[in-house]
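Quick notes on the structure that follows.
So you know, we letter chains A, B, ... as the sequences are listed, proteins then strands, and number each from 1.
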Amino acid sequence: MLDIQLLRSDLDAVARRLADRGFEFPVAEFQALEAQRKVCQTATQDLQSRRNTLSKQIGVMKGKGEDTTAVMAEVAGLADELKRNEVELDVLRAKLDDLLLGIPNVPHASVPAGRSADDNVAVRSFGTPKAFSFEVKDHVDVGEGLGMLDFATAVKISGARFSLMKGAVARMHRAIAQFMLDVHTGEHGYTEVYVPYLVNAASMRGTGQLPKFEADLFGVPRGDEGKLYLIPTAEVPVTNMVRDEILAAESLPLKFVCHSPCFRSEAGSYGKDTRGMIRQHQFDKVELVQIVHPEKSHESLEALTDHAETILKRLDLPYRVMALCTGDMGFSSAKTYDLEVWLPAQNAYREISSCSNFESFQARRMQARFRGEKGKPEIAHTLNGSGLAVGRTLVAILENYQEADGSVTIPAALLPYMGGLKKIEKA
RNA sequence: GGAGAGGUGGCAGAGUGGUCGAAUGUACCUGACUCGAAAUCAGGCGUGGGCGCAAGCCCACCGUGGGUUCGAAUCCCACCCUCUCCGCCA
């Protein structure tokens, strides 16, 4: 959510910057609502003030045993108008709120302008795609060839967009997550957290999934109230840890790492990546989350991105870093780097991590604050990034480490987690 | 799932219809005393919002949402949450 003070004082500039990301700010609608709100709120508060004064007066008079019928009649005369104003104000506030919650974040000045993914800018890259002396198979053929990836059975159990792993591949999937957690907790200073996978609507609103993207979520009904949602990323529960909190300035930055499954309903709707485990309704991810002082958030984004990159480097997987352009960034983000890993079977780089600085956008929605130098609560900044998507990391390893005989060499960094196994071969 | 108790400021804890946004204690901040500290004394100390150049004035908030009333922390209804006991369960 944007700062409404900023919208009041500098609407044109905000609208211009949002236009860069392809969002048309409903300027006239906002100004009309805001003008009505101002009149209505002032009138309502005046009436409330008058009622309060008279009611207090009644109390005092009754204490003295005086006759209060005249004053009571006067205040009773306010009731209708007051009620009407209060109702109208509620309606106006709800409309303004809806409008505000639907407005995306303003891109940071350093974000390249552009309309689509084609305009994203490659910032740097690591490693060079390996030359294979045989025809490379994609991860589906590799995994099924080993007898350790079984999509047919997953379809039987659940449907499309789910996967089933067995044996050494399932173990490597677990090893990948363990490895990532160990690096981030041991070397990058993150605190490991375990969180609920079902969250309430307030949490989804806090990080920006609701109200606009309900269709992308799996909802779990629970009687008439309190519907819960399966998390689409650990970002939601982890960031919401600080919702409605006022943190001590000294406690910042907070750095959390969380391994969790992620559930996305949108993943089935595109008709692309229908093969394999690139795009699934359920996948595992190790997520990095930081809550930081506003002045530090952009340097924190660089650090967080580097933390995610470290994993790819250790696994010796070629990748590149893309600065997303204004038109390709997510709703809540002020600046995003995507990490793209090399997939030889696709002969392309594919997203494996997305690292974003949300600045105050999420924190304002969820009232995540810290007590600043002046002693007043200030809105914190939030960031997160995949460090990394576990399923896609597995895909990248199966493809990049495949051998001519159909086996897969285990990356050196994962060997301590594989119980002595050095190579995955058909059972 | 059943029975009972309870949700008030950072914490503890009063308040059961009227100058209550809330006593008191404690923690914290400032000042005085002190060589310094402790103790003591004085003052300050919630959050969100509106109007205003400002000083400041005003509104809302006592788990959440409704209701009764001129007036609600206080009365009524629903819900949520916490604790204790029983059952069940990993």
Take atom P in B/rA39 and the same atom in B/rA27, then report the distance between them in whole Å. 8 Å
For the side chain of A/N52, starting at C-beta, report the closest nucleotide among B/rG67, B/rA60, B/rC51. B/rA60
Distance check, P atoms only: B/rG15 and B/rC88, in whole angstrom units. 41 Å
Donor-acceptor pair (no angle test) under 3.5 Å: A/K56 side chain, B/rG18 base: no
Any strand: nucleotide that pairs with B/rU74 via Watson-Crick or wobble, under 3.5 Å: none
Kindly state whether the ring of A/F30 and the ring of A/F25 have centres lying under 6.0 angstrom apart. yes
Does the pair A/E74/A/R50 count as a salt bridge with the N-to-O cut at 4.0 Å? yes
Taking atom P in both B/rG44 and B/rU34, compute the distance separating them and give it to the nearest angstrom. 24 Å
Applying the Watson-Crick and G-U wobble criteria at under 3.5 Å, what pairs with B/rG48? Answer none if nothing qualifies. B/rC59
Just name whichever nucleotide pairs with B/rG17, Watson-Crick or G-U, keeping both distances under 3.5 Å, else none. none
Rounded C1' spacing from B/rU19 to B/rU30 in Å: 30 Å
Which whole number of Å gives the distance between the P atom of B/rA23 and that of B/rU8? 16 Å
Any carboxylate oxygen within less than 4.0 angstrom of a Lys/Arg side-chain nitrogen, looking at A/D216 and A/R264? no
Give the nucleotide from the list B/rC51, B/rC59, B/rG49 with an atom nearest to the side chain of A/Q48. B/rC59
On RNA chain B, check which nucleotide each of A/T44 and A/K83 is closest to and give me the residue with the more 5' one. A/T44
May I ask you to evaluate whether A/R50 reaches the phosphate of B/rG71, defined as a side-chain N or O under 4.0 Å from OP1 or OP2? no
Please write out the pairs of protein N or O atoms and N or O atoms of nucleotides 43-47 of chain B separated by less than 3.5 Å, giving the distance to one decimal.
| from | atom 1 | to | atom 2 | distance (Å) |
| --- | --- | --- | --- | --- |
| B/rU47 | OP1 | A/R371 | NH1 | 3.0 |
| B/rU47 | O3' | A/R369 | NH1 | 2.8 |

Taking any strand in view, what nucleotide pairs with B/rU68 in a Watson-Crick or G-U wobble way, both distances under 3.5 Å? none
Salt-bridged, A/R21 to A/D328, with N to O below 4.0 Å? no
Using a cut-off of strictly less than 4.0 Å, decide whether A/T42 has a side-chain nitrogen or oxygen near OP1 or OP2 of B/rC51. no
Using a strict cut-off of less than 4.0 Å between a Lys/Arg side-chain nitrogen and an Asp/Glu carboxylate oxygen, indicate whether A/K423 and A/E425 qualify as a salt bridge. no
Euclidean distance for C1', B/rG31 against B/rG46 (whole angstrom): 23 Å
State whether A/K156 and A/D150 are salt-bridged, where the test is any N-O pair (Lys NZ or Arg NE/NH1/NH2 against Asp/Glu carboxylate O) under 4.0 Å. no
Does a side-chain N or O from A/K38 land closer than 4.0 Å to OP1 or OP2 of B/rG50, or not? no
Please confirm whether the shortest side-chain N or O distance from A/R93 to OP1 or OP2 of B/rG50 is below 4.0 Å. no
Electrostatic pair A/R84-A/E81, nearest N-O below 4.0 angstrom: no
Closest-nucleotide ordering on RNA chain B, the 5'-leading residue of A/R8 and A/G59: A/G59
Pairing partner (Watson-Crick or G-U wobble, both distances under 3.5 angstrom) of B/rA42: B/rU30
Taking only the P atom of each, what is the distance from B/rC35 to B/rA42 in whole angstrom? 22 Å
Does the structure show a Watson-Crick or G-U wobble partner for B/rG4, both distances under 3.5 Å? Name it, or say none. B/rC83
Do A/H108 and A/H298 have their ring centres less than 6.0 Å from each other? yes
Strictly by Watson-Crick or wobble contacts shorter than 3.5 Å, is anything paired with B/rG25, and which nucleotide is it? B/rC11
Proximity of A/F370 and A/H293 rings by center, below 6.0 Å: yes
In Watson-Crick or G-U wobble terms, both distances under 3.5 Å, what is the partner of B/rC53? none
What distance, rounded to whole Å, do you find between the two C1' atoms, one in B/rG13 and one in B/rG18? 24 Å
Which nucleotide in the set B/rC58, B/rG50, B/rC70 lies at the smallest distance from any side-chain heavy atom of A/K62? B/rC70
